[in-house]
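One structure below.
Note that the structure is predicted; figures quoted are calculated from it, not measured.
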Amino acid sequence: MATESRLMTADELFWRPDDNLRHELVKGEITTMTPAGFEHGEIIMELATRMRIHVKQRRLGSVLSSDTGFILSRDPDTVRAPDVSFVVASRIERIGSPKTFFPGAPDLAVEVVSPNDRVNELDEKVQEYLAAGSQEVWVINPKTRTATVYRNDGTVAVLTERDALNGGSLIPGFTCAVADIFPTPS
């Protein structure tokens with residue numbers, strides 16, 4: 001005898017009692033995110049700090065932490081929370097600053113690879129962000145010390161420590177050496 005499982009909505013996820021865990025919603029099904037390690041947090045803060053200073057000084061939009069959920073699709077709902085994200089000022093002016101999850105994808109989503117991340121799940125996230133409207137997705141890999149840039153035009157660039165991340169027209173004037181976002185090897 002088959003039983004029907006009820007899918008959760010983005011609103012239900014948002015108003016769910018806080019259990020001090022980080023959750024995402026994937027096609028209506030809740031997934032719990034394992035807390036990341038020290039290195040992961042260091043990389044996120046290094047990149048986010050550099051981005052935020054640049055963006056704030058130029059009033060280009062908002063750089064957001066992994067506590068921010070983005071509704072990527074509805075019926076069934078998918079809510080993702082990238083490690084770092086950026087939304088351009090014009091979208092915030094048009095939509096406002098919602099108290100709940102942001103309706104739509106961030107213009108830039110950044111994911112830092114964790115030791116327990118599965119390649120297929122990370123690829124799925126990248127495709128979800130791009131399909132929902134992200135202009136770029138940056139995947140930062142501490143193990144290989146690389147940054148892979150996926151663009152909505154289908155191009156992909158793998159950057160090494162000799163290269164720099166570039167905000168292009170999305171974050172004008174922003175550059176950051178890939179080597180600078182990783183902790184110094186011991």
Side-chain angles (χ1 to χ4, degrees), residues 22 24 33 36-72 79-98 101-114 117 119 122-185:
R22 189 171 154 226
E24 290 183 327
M33 313 302 287
F38 187 87
E39 178 186 56
H40 189 268
E42 242 187 330
I43 292 166
I44 290 169
M45 286 306 299
E46 187 63 42
L47 181 58
T49 300
R50 289 168 183 259
M51 286 174 60
R52 181 160 170 76
I53 289 168
H54 180 86
V55 165
K56 193 169 177 118
Q57 287 174 343
R58 290 159 184 80
R59 297 187 174 124
L60 299 174
S62 291
V63 175
L64 303 146
S65 74
S66 62
D67 292 332
T68 307
F70 291 86
I71 302 171
L72 303 184
V79 177
R80 293 288 194 182
D83 291 319
V84 181
S85 54
F86 168 73
V87 178
V88 297
S90 60
R91 286 183 69 206
I92 297 167
E93 290 166 9
R94 189 174 67 252
I95 295 170
S97 294
F101 300 132
F102 192 84
D107 294 290
L108 168 65
V110 180
E111 292 286 351
V112 177
V113 180
S114 298
D117 279 341
V119 174
L122 201 51
D123 288 344
E124 185 179 302
K125 278 186 183 185
V126 168
Q127 294 312 310
E128 286 173 357
Y129 290 129
L130 294 171
S134 290
Q135 294 179 45
E136 290 188 5
V137 180
W138 297 352
V139 176
I140 311 299
N141 190 328
K143 186 175 182 180
T144 60
R145 297 176 74 87
T146 59
T148 304
V149 177
Y150 299 85
R151 294 183 186 89
N152 64 355
D153 65 4
T155 60
V156 179
V158 179
L159 307 176
T160 68
E161 289 185 279
R162 295 182 305 275
D163 301 312
L165 285 163
N166 184 322
S169 61
L170 185 58
I171 308 174
F174 178 76
T175 60
C176 175
V178 172
D180 290 347
I181 61 175
F182 296 110
T184 306

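- Residue I44 is tested with H40, E42, E46 for a side chain to side chain contact (heavy atoms under 4.5 Å, CB included); the sole match is H40.
- Panel note: side chain T49, backbone M45; a donor-acceptor pair is recorded below 3.5 Å.
- Between K143 and E39 there is no salt bridge, since no side-chain nitrogen of the basic residue lies less than 4.0 Å from a carboxylate oxygen of the acidic one.
- When all heavy atoms of G96 and F102 are compared, the pair lying nearest together is O-CE1, 4.3 Å.
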Stepwise, does the side-chain contact (heavy atoms from CB on, under 4.5 Å) test hold for L122 with E111?
CA-CA 8 Å; L122 201 51; E111 292 286 351; 4.1 Å; yes

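- Side-chain atoms of D107 come within 3.5 Å of backbone atoms of V88 as a donor-acceptor pair (strictly under, hydrogens ignored).
- At a threshold of 4.5 Å between non-hydrogen side-chain atoms, the residues S65 and D67 count as touching.
- Distance alone, capped at 3.5 Å, is enough to place a donor-acceptor pair between the D83 side chain and the V112 backbone.
- The two residues V55 and G61 come nearest to each other via the heavy atoms CG1-O, 3.4 Å.
- Judged by distance alone, with hydrogens and angles left aside, the side-chain atoms of T160 form a donor-acceptor pair with the main-chain N or O of R162 at under 3.5 Å.
- Within the 4.5 Å cutoff, the side chain of L47 has heavy atoms near those of the L165 side chain.
- Counting only heavy atoms from C-beta outward, the side chains of V113 and I140 never approach each other to under 4.5 Å.
- The nearest pair of heavy atoms linking F86 to L60 is CZ-O, 3.6 Å.
- Looking at heavy atoms from C-beta onward, Q135 lies out of side-chain contact with R151 at the 4.5 angstrom threshold.
- Between I53 and Q57 there is a side-chain heavy-atom pair separated by less than 4.5 Å.
- A heavy-atom distance below 4.5 Å is not found between the side chains of V178 and T146.
- Inspection of the Y150 and Q127 side chains reveals no N or O donor paired with an N or O acceptor under 3.5 Å.
- The nearest pair of heavy atoms linking T68 to P82 is O-CD, 4.1 Å.
- For the atom pair L159 CG and N141 CG, the distance stands at 12.5 Å (nearest 0.5 Å).
- The backbone N or O of A81 sits less than 3.5 Å from a side-chain atom of R22, completing a donor-acceptor pair.
- The distance from the CE atom of M51 to the NZ atom of K56 is 14.5 Å, given to the nearest 0.5 Å.
- Residues V110 and L108 have side chains in contact (heavy-atom distance under 4.5 Å, counting atoms from C-beta outward).
- Between the side chain of H54 and the backbone N or O of F174 there is at least one donor-acceptor pair closer than 3.5 Å.
- The number of heavy atoms from other shown groups lying within 6.0 Å of CZ (R52) does not exceed 12.
- Between C176 and R50, the shortest heavy-atom distance links the atoms SG-CD, 3.5 Å.
- The side-chain heavy atoms of T148 and W138, taken from C-beta on, include no pair separated by under 4.5 Å.
- Although no hydrogens or angles enter the test, the distance criterion places no donor-acceptor pair under 3.5 Å between the side chain of S134 and the main chain of E136.
- Nearest heavy atom pair, residue A132 against residue L72, reads CB-O, 3.4 Å.
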